[in-house]
2 protein chains.
Amino acid sequence: MRHDGRLSRMLHVLLHMDEQQGPMTSEDIAGMLGTNPALVRRTLAGLRDGGYVTSERGHGGGWMLGRPLSEMTLADVYDAVGAPEVFALGLADDQPQCLVEQAVNTALRQTLDEARALLLRRFAEIRVSDLRDDFAARAAALGIHPGMRCAEA
Amino acid sequence: MRHDGRLSRMLHVLLHMDEQQGPMTSEDIAGMLGTNPALVRRTLAGLRDGGYVTSERGHGGGWMLGRPLSEMTLADVYDAVGAPEVFALGLADDQPQCLVEQAVNTALRQTLDEARALLLRRFAEIRVSDLRDDFAARAAALGIHPGMRCAEA
DNA sequence: CATTTTGTAACTTATCAAGTTTCGAATAAC
DNA sequence: GTTATTCGAAACTTGATAAGTTACAAAATG
Ligand code: FES
Ligand code: FES
């Protein structure tokens, strides 16, 4: 099944925004992600509603961080992109008549709920700034200037 | 995202097979699941390869359990249907050049791997016969004969 | 007013589980 | 051995939806 990359993409964008001076336009960002501006706007809209980024129209406009990365967790970003379905595994029928199928659903639902809870708990523990720090460590280890952009290379 | 219901469906089928005298044809099963025989064969093929069910062709043929439900875990069935992708959440790019994106991927991958491991560990702890027992308890609580079939009602 | 840039709606594409059709091969009943 | 049944398997269509695209209105700057 094709997966949902919105969380992954938005984290990437936030980190690049952090190491950027002024605002980034949707076009800048789209170039970075290898996609197009309209999609960027669509997805960033959720982050704007959550106050994690701000947008300005017109000359010199674009997207900027709405707060420091240390004040955003992965869970915040996950929620901001619409809290998409976590699992590809699912139930054949949510409310079956069949008692047998109800037993199956109960067991699967419990197990999936538990795994989802663990995942979201972990997401809530990780600040976006932690990823930046990991990135800085990587760059240092490789002796690479941390400001690189793959799209510009 | 549309989810993958193969595990759920196959568990349902196994439980019905267990409370059945003789073999069930693909058509019987398809009627139960609200689907069609070819799809049933396609999915059950994996369980047959794992020895969890057997199939016989011709008159009086069909599908039967290959071993008791107490000797199959949810993890066994999950593997037998092809160990489908667990998560709908995914990475935008698996092997990015960008160090920033690599940091994002590392963090997400770790967290997803942890949640997947928990899920599969739980699956390995649950025997299919446990679901049957839960079903029996449900039926008793409702005062319903446990042999009911929704498709026949 | 001309230009830049977001906001938004409408539409197309890609993907893959699910669903369908079809025919061949094996088995059993007669 | 002929017929009915049933699985096996390949080839194809459908449905759902994230992603991608197009287009244009609205707002801000100079
Ligand atoms: S997209 Fe991250 S460096 Fe280019
Ligand atoms: S499908 Fe489970 S009782 Fe009918």
Side-chain angles (χ1 to χ4, degrees), chain A residues 1-10 12-13 17 20 22-49 53-64 66 78 81-94, chain B residues 1-10 12-13 17 20 22-49 53-64 66 78 81-94:
Chain A
M1 182 159 310
R2 183 95 166 289
H3 61 220
D4 186 324
R6 281 177 288 184
L7 172 58
S8 154
R9 255 185 289 269
M10 288 304 100
H12 186 184
V13 169
M17 244 178 234
Q20 184 82 6
M24 299 178 79
T25 67
S26 303
E27 196 145 11
D28 293 340
I29 297 170
M32 251 176 43
L33 297 182
T35 178
N36 69 80
L39 181 57
V40 170
R41 291 187 198 113
R42 197 193 294 164
T43 318
L44 275 173
L47 295 186
R48 182 189 53 219
D49 294 346
V53 299
T54 60
S55 61
E56 289 294 340
R57 294 199 262 205
H59 263 293
W63 301 86
M64 297 188 33
Y78 169 77
V81 297
E85 177 55 51
V86 168
F87 293 108
L89 296 181
L91 307 176
D93 179 352
D94 264 300
Chain B
M1 182 158 310
R2 182 92 166 290
H3 61 220
D4 185 323
R6 282 177 288 184
L7 172 58
S8 154
R9 254 185 289 269
M10 287 305 100
H12 186 184
V13 169
M17 245 178 234
Q20 184 82 7
M24 300 179 79
T25 68
S26 302
E27 195 145 11
D28 292 340
I29 296 170
M32 253 177 41
L33 297 182
T35 178
N36 69 81
L39 181 57
V40 169
R41 289 188 198 112
R42 197 193 294 164
T43 317
L44 275 173
L47 296 185
R48 183 190 53 222
D49 294 345
V53 300
T54 60
S55 61
E56 290 292 340
R57 295 199 263 204
H59 264 293
W63 301 87
M64 296 189 37
Y78 168 78
V81 297
E85 177 54 52
V86 168
F87 293 109
L89 295 182
L91 307 176
D93 180 352
D94 264 300

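Order of the sequence lines fixes the chain letters, A, B, ..., with proteins taken first and strands second; residue numbering starts at 1 for each chain. Only a predicted model underlies this, so the values are computations on that prediction, with no experimental measurement involved.
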| Among D/dC7, D/dA10, D/dA23, the nucleotide that comes nearest once only the side chain of B/Ala38 is considered | D/dA10
| said: Heavy-atom nearest nucleotide on DNA chain D for A/Thr43 versus B/Gly58: which residue maps closer to 5'? | reply: B/Gly58
| query | Among the nucleotides D/dG20, C/dT20, C/dA25, which one has an atom lying closest to any side-chain atom of B/Asn36? | reply | C/dT20
| field | Validation row: A/Glu85, A/Asp4 side chains within 4.5 angstrom (heavy atoms) | value | no
| said: Measuring from the side chain of A/His59 (C-beta onward, heavy atoms only), which nucleotide among D/dT21, C/dT20, D/dT29 has the closest atom? | reply: D/dT29
| Of A/Arg6 and A/Glu56, whose nearest nucleotide on DNA chain D comes first from the 5' end? | A/Arg6
| said: Measure CZ/B/Arg48 against C1'/D/dA9 and give the value in whole Å, please. | reply: 10 Å
| task | Mind running side chain to side chain contact (heavy atoms under 4.5 Å, CB included) on A/Met17 and A/Leu44 for me, showing each step along the way? | result | CA-CA 12 Å; A/Met17 244 178 234; A/Leu44 275 173; 4.2 Å; yes
| query | What bend angle does the helix from C/dC1-D/dG30 to C/dC30-D/dG1 show across its length, from five-pair end axes and to the nearest 10 degrees? | reply | 0°
| request: Find the distance between CE (A/Met64) and CD (A/Glu56) and round it off to the nearest 0.5 Å. | output: 9.0 Å
| message | Can you say whether a donor on the side chain of A/Arg42 sits under 3.5 Å from an acceptor on the base of C/dT6, or the other way round? | response | no
| Spacing of B/Asp4 atom CG relative to D/dA16 atom C1', expressed in whole Å | 14 Å
| task | Tell me whether the OP1 or OP2 atom of D/dG8 has a side-chain N or O from B/Ser55 closer than 4.0 Å. | result | yes
| Under 4.0 Å: is that the gap between some side-chain N or O of A/Arg41 and OP1 or OP2 of C/dT6? | yes
